[in-house]
Each structure stands twice: as structure tokens, then as C-alpha cells.
Amino acid sequence: MLAAQIPQRAPPSLSTDKSNPVAQLKNLIQLLLVVWLGILLLQPFAAAANDAIVERAYLEDPSNEMQLKDVRLGAHADQFKPYAGPLNRGYSKSAIWLKLTIRPLEAPISNAAHSAPSGDPRYVLRIQPSYLDEIALYDPESTQDSPRLVGDRHSALQVDYQSLNHNFVIAASSKTKTIWLRLKTNSTSLIHVEAMSMEQAIAKDAKQYLLLGGFIGFLFLFFSWALVHWIDHRERMIGVLAINQFIALAFSLAILGYTRFAWGNFMPAEWLDISTSTLSLLAAASSIYFNSQFLKEFDPHPFGLRLMLGMVGMLPVELLLLWTGNVLAAMQLNMMVVTLAPVIFMAIALTCRAWNATQQTPPVFSKLMLVIFYGVSLLLLLVFALPSLGLTASTELALQTNSIYGLVTGLILIVTLQLRSRRQQKTHLEAQKNLEIAKQQVAQETKQREDQVQFMAMLTHELKTPLSVVRMALGSGASSEKIKARADQAIQDMSNVIDRCAWIDRLHEREFSINKSGFDLVKELDRIIFVSDTQGRIQQVSSIDSCPISTDVRMVGTLLNNLIDNALKYAQPNSPIDVRVLAHLQEQPPHVAVEIASHPGQCGWPEATKVFEKYYRSPGARRQTGSGLGLYQAAHIAQQLGGEMRYVPDEKLVKFQLCLPC
């Protein structure tokens, strides 16, 4: 198994709004991570005083054939080398013998906590890390003929005291006691042994459960974040991150002893051992692949990406070695890949070209920040991975390599992915905005083209007849009064069409202003009827003699002229036109209405849903000259005055109402 791994990655935040509860939770979790990491770093120093071991020495056995008699009394007894703290001999085929001297029970010590309680005169040998394959205990005071064994290859049910670590329970002595341990493992030969009372071991294990449980909880939270984010956005890189986090979570559970502690009663120890080694290989490969996808966004040199994929391609070779029994070779190859990976990541980061001027969307941060990120990862690797290879001295912090290395690099990546998520969200919003603007522009251009087509069709149709009349009048040598009158009417019809078009243009461009003034609506209506009704067809049927309002009298005149002209033109010939003023002072909002009712003529009834549309003319109305703009113009002017135009026909009459505020 592996003592160091590629950094565990944390997912991007689901929200970048600092006022959002999710963002506040994210900030709180980051703070808890920092506090938790600080406690983790200080824990080894706080616990060092509980150790009852006063001397440590080790001996390597390249032959793997030495027995206790050889290292205790034989020629090799004087070859032990003293050491302090954790011992790390890297990946080695040799067996490692430890010679440990334990303080006597009655020895005077400055801290009474070092001795075993009088009710339980035993010591617990706490052995870390939990992924070691086999540790044999040789205790001269033991009555057993064979050594006691613990490790990944042995069932946890065989020990007297169970925890996440490997443990032996030995009898305390009234004099200095020496014991021997033999370590044989395919993982890195990193081992740290402490001797303490049962009560002290239980208390220290409780702290360990708290710290490692917090680490596992954070990994689970990171995996949940990535999974939820991927479900929401279906982004490939986040999907890769979710898979990587899941493997990292499973690997951490195995390498920290949780799977052995939880499943040791149900699964053979050999299965647990091989599954932990497999997860170690998968964790490294998935982390490298995630980094390849992450760096891909910064346009690295293609050779660098192929090199990273080649490193991922080592996974089948490692698995083949592992499953054919060459465990040490597989672990050594995996450790070489893990050690080289950050160096290669750093080199690839230096080749990234995403900041060139030709790029439309710049990366979320500068090239310097990318290089710093992978530079920090490389530095952390040197701090934690080199001791695992046995190239530098180990400290107790090396026992928490996976936790510290994963969390520190994970915290750095959280910031990175948050910047990326924020940039992507901003880019997405800008793209949506530009898309909406483009859609509006397309819709506007389409509407303008349709208006132009309709406008040209209207002009072609409505001016053709008047022009024919004018041409006929000009072509006749001696024009009668009737022909002249028809020519004058044709010219007036064309003038009206042109005026309506000019009005519509002014409406669209808002090139007119509303000048409010007080006037009597009834008197204004009388004036317009007097001018327009040359045949005496219009009759007022309202009982209101006066209706003072305040609005633009010129606009109101235009509206009334429009409605009366429509009624006279399209009503049944010689039929009366009823005009009335209605006061609706009790309604909300209070208003007055001018209603014009006429009997439908040959043009028929207008279509209620289209009557106020631009260029709309009923099929029957096309026999007469018109623009199809009159009611459209009236509806828009009424709206500008704060009122509205209504089409309210009944069974017999075509009725239009002009409603104005009062």
C-alpha cells in the first residue's frame, strides 16, 4: 500500500454569492478545515509525553531469514542502530527488526501518566500507520512459543485491543523491559511504535477518531459537492472530479484502517489487503487524470497531455503486477509515478498558452497563479513523499501524510475552482445576455422586414386606384366637374395615406410631445362633427352637455377624426352614425368615453383580435382606399394619453370607444 498520494481534490462551490447560504456554509467549512488541520499538526507534539519507550534501535534483514535468537544474542545483536521518532526505510524487500526498551513500572518519572494504572498493569503498543502488512512481537516474558502477529494480512479479531491502529497488549514490568518487533511489508517501511497504559491508549484513540473522522467527513462533503454540481451542470471535468473524490474517499477509509476495523469480521484479511492496494493505485491514476483535464483548460503543449495520459496508462501495468503477486513492484512503480506527477504538472503548467492575445475568453487566473499552485503541490510532495521513499528523515507528521497533503492541496484547489466557477458563471450570464440581445435584434429585424413588406404591399394596393383616377382625369381633354371631383378625392386619399404613414413613423420614433390643456370634450366633439359630417348622418345621443378634461386637445382631435372617418367610410351607406359621451366616474380609474356606433356596411365586421394591428384591413374593406394604419395609430395615441381604444360591438352595431382619464 501507499503512504503518500496525489492531492485529494475539492469541488467548486455551487454559488459565488457571498450572501447565499451555500456560500456562507462554504466559508465556514474552510474555516473548520484550517482549525482541524491546526489541531492535527499539534497533536503529535501533545501526545509525545505519553510514550513509555525510552530507547529505540533497528536492524535491516536483507535475507528475511533472521530469527529472534540471531538478533537478541547472535552476531547481529550489536548491529542495531538507534533512532528516534518514526522509523522510515522506504520501499524495501528487507525485514526490519526493532529493539524497544520500555521504562520499568516503578521507575521514578516526572509525569505519573507514564506508568500503567495499578488496576491494569499492562501496556498497549500502538503501531502506526495502519496499512502495514505484518508486525511480529517477540516478548521474552511471554509464555507463547510463537510470536504474536498483527497487520493487514491478519484478522483484527486476533488482537486483545482493537482500534484503527495495530496494537499489542503486553504486561508491564517492575524493571526495564526489552521487546523486539519484526516488520515485513510491501508498502513503505514507515513505522511508529508507542507504549502507554490502556487508559491512555483509549484516550488517544478517541482523539484519533475525532481527527480522522473529521477528515473523512470533509472528503465525503467534497464528494457530495462534486456529485451535486455535476448532476446540475453535467460538466465533464466536474464529473471526473466526483469520480476522483469517490475513489479518494474509499482509499482513505481503507488506508486509515476504517475498512479493516468495520469489515474485518466479515472479509478475509487478504481481501482487505489487496483491495487497499488496488485503491491506492486507482487513487493515484484518477488524480493524475483529473489534473490532465484541469490543465487542459489552459491550452498546454500537446506532448504534456500525452505524457499525463501515459502516466494514467501505467495503471493496467500496476494492477497486473499487483494481482500476479508482485505487490512490492506495483507499489514502487506507483510511488515513482506519484513522485514524478507534480514535477510533470509543474512543467506542463509552464507550457500553457491560454493567455495568448488570440484567446477570446481569458483563463480564470494568471499563468503565475497556475505555476504557484503546482509549485506548492510540488513542495508539499517533497516534504511528505521523500520520507515515504526513505530519502529523508521522518517525523510524526509523516504518519498523517495523506490527510495533511490532501487537505492542504485541496484547500488550494478549492480557491482555484471557485475562481473558475465564478468566471464560468459570469461568462454564462454574459453569453445568455448576448444571446437575448441577439434574439431581440433578430426579432426586431424580422419585424422590420415584415413591416416593410406589408408597407410596400399596402402602398402598392392603396395608391394604385387613386393614381388610375388621376391618370384618367389628366388624359381626358375636357374634364367634367365630376371627374375633377373624383381626381381631387383620389389626391386626398393618397394624402391621407401618406399622412398616416408619417404619423406612424413619428409614433415609433417618439418625435411628438403631449401638451396637456383643459378643454370641454363635448364641445370639441361638436366641432369635429360639424367639419366632418357633410351629409348630416352623425347624431349625438348622449345627455351630457359638458365634459371638461385635461389632456392634449390636438391628439384627441386626431383620434376623433380617425374614428368618425372610419365610421363614415365603412358603415352602411346613408345609415346614421351614433355618437355619445359616457362618464364613468365611479369606476377605477375614473374615465370618460366617446362611443361611435355604426351599422356594418359591405366591408362587414372587423376581426376583434386583429382590428388594432398594423396594416390590418378586413377583406371587404380592401375595395376602398386606406392604409390599415388608422386604428393602429389611434390605439397608440390613446395609450400615450393614458387611455385606451376599445372595440365593443353588439349584435347589430360596430362600436368603438375612446377612453380617456379625467
Margin query: Is it the case that the side chains of Tyr374 and Asn291 hold a donor-acceptor pair, with the cut-off being a distance below 3.5 Å and no angle test?
Written below: yes
Note to self: I'd like to know if Glu194 pairs up with Lys204 as an ion pair, taking the criterion as any Lys NZ or Arg NE/NH1/NH2 lying under 4.0 Å from an Asp or Glu carboxylate oxygen.
What the structure shows: yes
Notebook entry, point to check: So does Asp205 pair up with Arg126, basic N to acidic O under 4.0 Å?
Noted result: yes
Notebook entry, point to check: Can you list every salt bridge (Lys or Arg N to Asp or Glu O under 4.0 Å) pair that touches residues 282-297, not counting sequence neighbours?
Noted result: Glu297-Arg420
Checklist line | Close side-chain approach of Phe215 to Phe220, heavy-atom, < 4.5 Å | finding: no
Check: Got a sec: does the OH of Tyr161 have more than 12 other heavy atoms crowding it under 6.0 Å?
Finding: yes
Check: Partners of Glu270 by salt bridge (charged side-chain N to carboxylate O under 4.0 Å, His left out), sequence neighbours excluded?
Finding: none
Check: Should the ring pair Phe294 and Phe373 be called parallel, tilted or perpendicular, given that the plane angle runs from 0 to 90° and is split at 30 and 60?
Finding: perpendicular
Note to self: Does either side chain, that of Asn186 or that of Tyr131, offer a donor lying less than 3.5 Å from an acceptor on the other one?
What the structure shows: no
Next item on the list: Return the orientation label for the His301 and Phe303 ring planes: parallel under 30°, perpendicular over 60°, tilted otherwise.
Entry: perpendicular
Next item on the list: Applying salt bridge (charged side-chain N to carboxylate O under 4.0 Å, His left out), name anything that partners Asp61, two or more places apart in sequence or on another chain.
Entry: none
Notebook entry, point to check: Does Trp230 have Arg234 sitting over its ring (NZ/CZ under 6.0 Å from centre, angle to axis within 45°)?
Noted result: yes
Next item on the list: Dump the intermediate steps for ring pair (Phe, Tyr, Trp, His ring centres under 6.0 Å) on Trp180 and Tyr58, then the final yes or no.
Entry: CA-CA 9 Å; Trp180 286 262; Tyr58 76 94; over 10 Å; no
